[in-house]
Amino acid sequence: MEKTNSAPVQASARDTTRSPSSRLDVERTPTRSSLHRTVSGPPYSIFSNRMKMWIVFLVAISALISPFGATLFYPVLNVLSDELHVSPAMINISITTYMIAQAIAPSIIAGMSDNGGRRLSFVVCFVIFVVANIGLALQTNYAALLILRMVQAAGCSASIALSIAVVADISVSAERGKWMGYATAGLLFGPAFGPTIGGILAQYLGWRSTFWFLAIYGGVLLVIFMFLFPETCRNVVGNGSVPAKGVNNSVVSWYQHRKLARAAPQEEDDHSPLPPANKKFRFPNPLSTLKILGEKESCVVLLYNGLFFTGMMVTTAAMPALFKSAYALNELKVGLCYISMGTGSLISALTMGHVVDWNFRRHARRLNIPITPGKQQDLRNFPIEQVRLQVVAPGHVIGTAGLIAFGWTIRFQCHIAGPEVALFFIGFGVSTAFNITNTLLIDLHKDKPATATAAVNFCRCLMSAGGCAAIIPMCDAMNPGWAFTFLALVYVVLIAVVFWIMRNGLRWRQEEEERKAREEAGRGVRDVDVDVERRGSVVQVEDEAKEKE
């Protein structure tokens, strides 16, 4: 395969035998032909396009449990306020506790999935989610609501990180925008119809039915993933050619490898096994998520991603109180109001991924870099930050303008079409920025995608928790127009971060690689010193033994 690229790859293989310092010198003086190439050998993933579509479909519907867990709850906020005899601001605290748990839980479960497999992690999430929703359907007091909402968040929040990690397992950078868009379509479908479903259930079956619905949905997902979801984690099954074993195996995995075994004599070169990167299971360390914040570029991207996404979350949290006050809407009609924002998010997910992939191909042509389907490109000197963030900037402007329009149309109680149009643009703009910066982080941390996405959850959920707790008091003190204008002004300043990353991201990435190479070189020298010292001790003991004889 890829015979035209075999010579450069062999040269690269010889380079890896050099000392760390010599490799560092080569990286400092790269040539376009030596670095910008397509890696030959086994394909990045052996899954066919049909199997990829099945996998992405499953993770898309699984990602629904996170927005469903949050948004089905919104239409019953006012009902629960009356039922539990607490103020709307106190009910919004349940959203805050949900966000806090959503920030912390993925750092544990996502780390487990990077080492032990995606399938087992999905199953654990669904079990926790089902148990929490049964408890929420039966609870009768405010304290139980807060605690069980945190358990519910722990069960569903990691599904987002796992879904994005699965996309990173099966797709290369040149096509990742498309697959990421499809996978997150489920995530963004939730805000479109979750509140509507919640409003219908609350209106006709009571608020407890929303949690019974979630428990049933989680149970169905549990059964589907136990039997029909193949393991994709590259640390467990490589590029998919290494048979899954034990809890990582499923009916689909068994069928996949049976089919692969039959095709092996004819397609041995194409499907030669790519071994797992790490066969040992290590207990997940939540602090590994925080290590990503220690890298300059990743930290800036994470803070931008979290702060900008907060705008959408505070809007969704404020809508029940604002629409009830301005338009006297009941639970069902409040739920219907979320459709426009969700539709904007859904359209962004289905279209902007293709735009990002087109921009990748455009930059590759400009730099004379060949793109071979199914093979991962070398991104060390590729301006991946510009490729991703050039599409983010327009989305940032659209989302910011939507926030201003939403606040003032609510303030002056315009026709309800006004805030609904604004919500559409908020959904489209914020989702565009959120999805593409997620893709960029996966490009920067392709060896641990679930951990990187857990870091995204950690930042965005903690910021959103504070914003959701503050937005109603802000609207009461400043009126909705000025409250959302204040938030939009913060985002006007924040767009400078997008251009800052585009200008400096490649340099930051190269500096980080050089730092890691120096650390590896230092560890190599220390290992040699320790080995020499140990050998010297052994020789000394042998000499003393001979003298005694």
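Since we're looking at a predicted model, the values are computed, not measured.
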Walk me through it: do V392 and F434 pass the test side chain to side chain contact (heavy atoms under 4.5 Å, CB included)? CA-CA 8 Å; V392 167; F434 178 69; over 6 Å; no
Audit row: F122, V166, side chain to side chain contact (heavy atoms under 4.5 Å, CB included) steps and yes/no: CA-CA 11 Å; F122 272 117; V166 168; 4.2 Å; yes
Decide yes or no on side-chain hydrogen bond (donor to acceptor under 3.5 Å, both in side chains) for S159 and S62, but give the supporting numbers first. CA-CA 7 Å; S159 65; S62 74; 5.6 Å; no
What verdict does the side chain to side chain contact (heavy atoms under 4.5 Å, CB included) test give for Y44 and I170, after you've listed the backbone C-alpha separation in whole Å, the side-chain angles of each residue and the deciding distance to 0.1 Å? CA-CA 7 Å; Y44 185 80; I170 64 176; over 6 Å; no
Report the C-alpha separation of M180 and I442 in whole Å, then their side-chain angles, then the decisive distance to 0.1 Å, and conclude whether the side chain to side chain contact (heavy atoms under 4.5 Å, CB included) test is met. CA-CA 10 Å; M180 190 74 75; I442 296 302; 4.1 Å; yes
Would S345 and S431 count as a side-chain hydrogen bond (donor to acceptor under 3.5 Å, both in side chains) here? Give the steps. CA-CA 5 Å; S345 299; S431 297; 2.9 Å; yes
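In terms of heavy atoms, V130 sits closest to G218 at CG2-C, 3.5 Å. Between M51 and P230, the shortest heavy-atom contact is SD-CG, 4.4 Å. Nearest heavy atom pair, residue C337 against residue E420, reads O-OE1, 3.0 Å. The heavy-atom pair separating G467 from V314 by the smallest distance is C-CG1, 3.3 Å. For the residue pair A183 and V167, the shortest heavy atom distance occurs at CB-CG2, 3.5 Å. Nearest heavy atoms, G69 versus L214: CA-CD1, 4.0 Å.
Looking at V456 and N438, their side chains come closer than 4.5 Å, going by heavy atoms from C-beta outward. Side-chain contact between I91 and V86: present, with at least one pair of heavy atoms (C-beta onward) separated by less than 4.5 Å. Between N133 and F213, every side-chain heavy-atom pair lies at or beyond the 4.5 Å cut-off. L307 places none of its side-chain heavy atoms less than 4.5 Å from the side chain of L303. By the 4.5 Å heavy-atom criterion applied to side chains, L423 and M319 are counted as neighbours. Side chains of L302 and L293 form a contact here, defined as non-hydrogen atoms less than 4.5 Å apart. You'll find the side chain of L120 stays beyond 4.5 Å of the side chain of E231, heavy atoms only. Considering only heavy atoms from C-beta on, F73 comes within 4.5 Å of V76 through its side chain.
Here CZ of R208 is found 10.0 Å from OG1 of T210. Values are rounded to the nearest 0.5 Å. Annotation: the span from E385 atom CD to L444 atom CG amounts to 6.0 Å, rounded to 0.5 Å. In this structure, CG in N435 is found 7.5 Å from CD1 in I164, a value given to the nearest 0.5 Å.
For the pair R388 and F360, the NZ or CZ position fails the cation-pi test of under 6.0 Å to the six-membered ring centre and within 45 degrees of the ring normal. Cation-pi geometry between R118 and F229 is not met: the NZ or CZ atom fails to fall both under 6.0 Å from the ring centre and inside 45° of the normal. Both tests pass for R460 against the ring of F309: distance under 6.0 Å to the centre and angle within 45° of the axis.
Using a 4.0 Å cut-off between charged nitrogen and carboxylate oxygen, E175 and R361 do not count as a salt-bridge pair.
Using a distance-only test at 3.5 Å, with no hydrogens or angles considered, no donor-acceptor pair links the side chain of S94 to the main chain of M90. Judged by distance alone, the side chain of S66 and the main-chain N or O of A63 form no donor-acceptor pair under 3.5 Å.
Counting heavy atoms of neighbouring residues, nucleotides and ligands inside a 6.0 Å radius, atom CZ of F425 does not exceed 12 of them.
Screening F126, F68, F129 for a side-chain contact (heavy atoms from CB on, under 4.5 Å) with C156, the sole residue that qualifies is F129.
Annotation: ring pair (Phe, Tyr, Trp, His ring centres under 6.0 Å) contacts of Y142 (sequence neighbours excluded): none. For the salt bridge (charged side-chain N to carboxylate O under 4.0 Å, His left out) test, no residue two or more places apart in sequence or in another chain qualifies with D357.
Under the 30°/60° scheme for interplanar angles, the aromatic rings of F424 and F428 are found to lie parallel. Taking the six-membered ring where the residue is Trp, Y182 and W179 present perpendicular rings, their angle passing 60° and hence far from 30°.
In this structure, the ring of Y304 has its center less than 6.0 angstrom from the ring center of H396.
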